[in-house]
Amino acid sequence: MNMSHERISILGLGAMGRALASALLEAGREVTLWNRTPGKAGGLVARGAREASSVEDAVGAGDLTVACLLDDASVRETLAPAMPKLAGRTLVNLTSGSVRQARELAGWLERYGVSLLAGGIMAVPPTVGTGGAFILYSGARDLFDRVAPVLAPIGRPHWVGEDPGFAALYDMAALSGMYGMGAGTDHAVALVHAEGGDVDTFKREVLQPWMEQMLPIMVAGADVSESVPDEYNPAMQATGLENILSASGEAGVPADLAGHLRASLWRMRRALAAR
Ligand code: FVH
């Protein structure tokens, strides 16, 4: 793989594909674009990108092909006709999917002599290419070492292992943390709103500083065991969780979080029973 020209082809011009292309153009890369539905490359072409007429055309134009499509099925569907052209080349797949899908994709590509670097984007379109953005990669370390500098403009490259499924694993796990946080904050705001509180003031003066204080503690304390740290009092925790459930019921807020809260409650009760 010759990375000296840093010619990158991007398959997929959704919100994320466009953001990736923009950051790479900004960094002076030679960028070729393909999208299933034509007409999405306009502004990027005006900035120097070339729009390919087919997937085969795009794959042939790049030292590196990046797929950023909806899901695993769309990646397979898009690549299938271009496999002969992709043979002997590298695909970086930044499409979200499951661990098994990533492993199976690597096996499928390998049969055609295509190297896969699997990825997971830890950014949203507006933050691509900014300081906080990072990209999880998994696959052969030497491949990562060659690709990382080429794709660094989209976000800090972070290798998580040889197993092609690991980028998806860490991506999905991190998203689970984010969605849990999102569900919790939505629930918090719904409670305050339902009981007549000032949501903006609550967010600014209570929720934000509370979440900032607790986030490092929650991440450090996240644990797969059923144990409760000695310094925590599970009886107090169980009562506290019951209070949240009661407050939600009184406010008439849908108990969307009840499953997680009850699971935590039972963890406290089991810890109490084991003492
Ligand atoms: N946007 C985000 O915030 C998240 C951040 C973390 C990473 N995700 C993942 O990135 C992948 C792409 O997401 P996206 O935001 O670009 O998604 P859309 O704007 O919906 O664009 C989808 C593109 O996929 C194309 N597409 C869909 N189905 C097919 C198909 N069967 N064959 C070929 N292409 C297909 C679609 O094309 P079109 O509808 O314009 O013709 C778009 O290019 C995704 O995995 C996120 O989970 C983003």
Side-chain angles (χ1 to χ4, degrees), residues 8-25 31-45 49-59 62 64-83 85-86 91-106 108-109 116-139 151-158 160 164-183 185-186:
I8 302 162
S9 294
I10 299 178
L11 308 179
L13 291 178
M16 186 50 86
R18 289 198 302 276
L20 300 176
S22 177
L24 291 167
L25 281 170
V31 177
T32 299
L33 306 168
W34 175 87
N35 193 59
R36 176 182 62 173
T37 308
K40 286 195 177 175
L44 297 163
V45 169
R50 182 174 86 80
E51 189 167 10
S53 56
S54 65
V55 181
E56 293 92 319
D57 177 18
V59 167
L64 189 66
T65 298
V66 175
C68 188
L69 300 165
L70 180 64
D71 57 9
D72 181 65
S74 59
V75 172
R76 298 273 192 145
E77 192 183 317
T78 298
L79 293 180
M83 290 310 277
K85 196 80 180 181
L86 203 52
L91 176 78
V92 178
N93 186 26
L94 298 182
T95 306
S96 304
S98 74
V99 177
R100 193 175 75 185
Q101 285 170 344
R103 288 175 180 155
E104 289 179 356
L105 182 69
W108 183 59
L109 292 169
L116 172 69
L117 192 63
I121 302 173
M122 297 288 101
V124 290
T127 63
V128 167
T130 64
F134 64 104
I135 317 291
L136 304 170
Y137 293 102
S138 63
L151 293 184
I154 64 176
R156 176 174 54 81
H158 182 74
V160 291
F166 267 37
L169 174 65
Y170 287 16
D171 185 11
M172 292 304 116
L175 287 179
S176 175
M178 182 194 79
Y179 278 104
M181 198 166 67
T185 50
D186 282 350

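As the structure lists them, so they are numbered: ligands from 1, and atoms in each ligand from 1.
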Write out the residue and atom name of the closest protein heavy atom to [atom], then the distance separating them to 0.1 Å.
atom: atom 10 (O) of ligand 1; result: Cys68 SG, 3.7 Å
atom: atom 33 (C) of ligand 1; result: Thr78 OG1, 3.2 Å
atom: atom 39 (O) of ligand 1; result: Arg36 NH2, 2.9 Å
atom: atom 43 (O) of ligand 1; result: Asn35 OD1, 2.7 Å
atom: atom 19 (O) of ligand 1; result: Ala15 N, 3.0 Å
atom: atom 21 (O) of ligand 1; result: Gly14 CA, 3.2 Å

ask   = For ligand 1, which part of Thr37 has a heavy atom less than 4.0 Å away: the side chain, the backbone, both, or neither?
value =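 The answer is both, backbone and side chain.
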ask   = At a non-hydrogen distance cut-off of under 4.0 Å, which region of Asp71 contacts ligand 1 (side chain, backbone, both, or neither)?
value =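 Near ligand 1, Asp71 shows nothing, with every heavy atom at 4.0 Å or more.
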query = Could you walk me through whether Leu151 and Ile8 pass the side chain to side chain contact (heavy atoms under 4.5 Å, CB included) check?
reply = CA-CA 9 Å; Leu151 293 184; Ile8 302 162; 4.0 Å; yes
Atom indices of ligand 1, in the order listed, that fall short of 4.0 Å to a heavy atom of [X]:
X: Glu77; result: 31 (N)
X: Thr95; result: 45 (O)
X: Gly12; result: 43 (O)
X: Leu13; result: 43 (O)

Is there a donor-acceptor contact under 3.5 Å from the side chain of [X] to the main chain of [Y]?
X: Thr127; Y: Ala123; answer: no
X: Asn35; Y: Leu13; answer: yes
X: Ser176; Y: Met172; answer: no
X: Ser9; Y: Val59; answer: no

query = Applying the side-chain contact (heavy atoms from CB on, under 4.5 Å) test to Val55, which of Leu86, Thr65, Leu11 qualifies?
reply =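 Passing option: Leu11.
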ask   = Just one of Leu94, Asp171, Val128 clears the side-chain contact (heavy atoms from CB on, under 4.5 Å) bar with Ile135, so which one?
value =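 Going through the options one by one, the only one that passes is Leu94.
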request  = May I ask whether atom 17 (O) of ligand 1 is less than 4.0 Å from at least one protein heavy atom?
outcome  =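 It does not: no protein heavy atom is found less than 4.0 Å away from atom 17 (O) of ligand 1.
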Option with minimal heavy-atom separation from [atom], where the choices are [options]:
atom: atom 40 (O) of ligand 1; options: Arg18, Lys40, Met16; result: Lys40
atom: atom 7 (C) of ligand 1; options: Ser96, Gly120, Pro125, Gly119; result: Ser96
atom: atom 27 (C) of ligand 1; options: Leu70, Leu79, Leu94, Leu69; result: Leu70

ask   = Just distances here: any N/O of Ile121 and N/O of ligand 1 closer than 3.5 Å?
value =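 By distance alone, the answer is no.
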ask   = If every non-hydrogen atom of Gly129 is compared with every non-hydrogen atom of Ala23, which pair is closest and at what distance?
value =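 In terms of heavy atoms, the two residues are closest at CA-CB, 4.4 Å.
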inquiry  = Heavy-atom count check: over 12 atoms from other residues, nucleotides or ligands less than 6.0 Å from Arg76 CZ?
reply    =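 Counting other residues, nucleotides and ligands, CZ of Arg76 exceeds 12 neighbours.
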message = For a 4.5 angstrom cut-off between non-hydrogen side-chain atoms, does Met83 reach Trp108?
response =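 Answer yes - side chains close enough.
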query = Would you call Arg50-Asp57 a salt bridge at under 4.0 Å N-O?
reply =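 Yes, Arg50 and Asp57 are salt-bridged.
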message = When you measure from the heavy atoms of Ala123 to every atom of ligand 1, does any distance fall below 4.0 Å?
response =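 Right, Ala123 reaches ligand 1.
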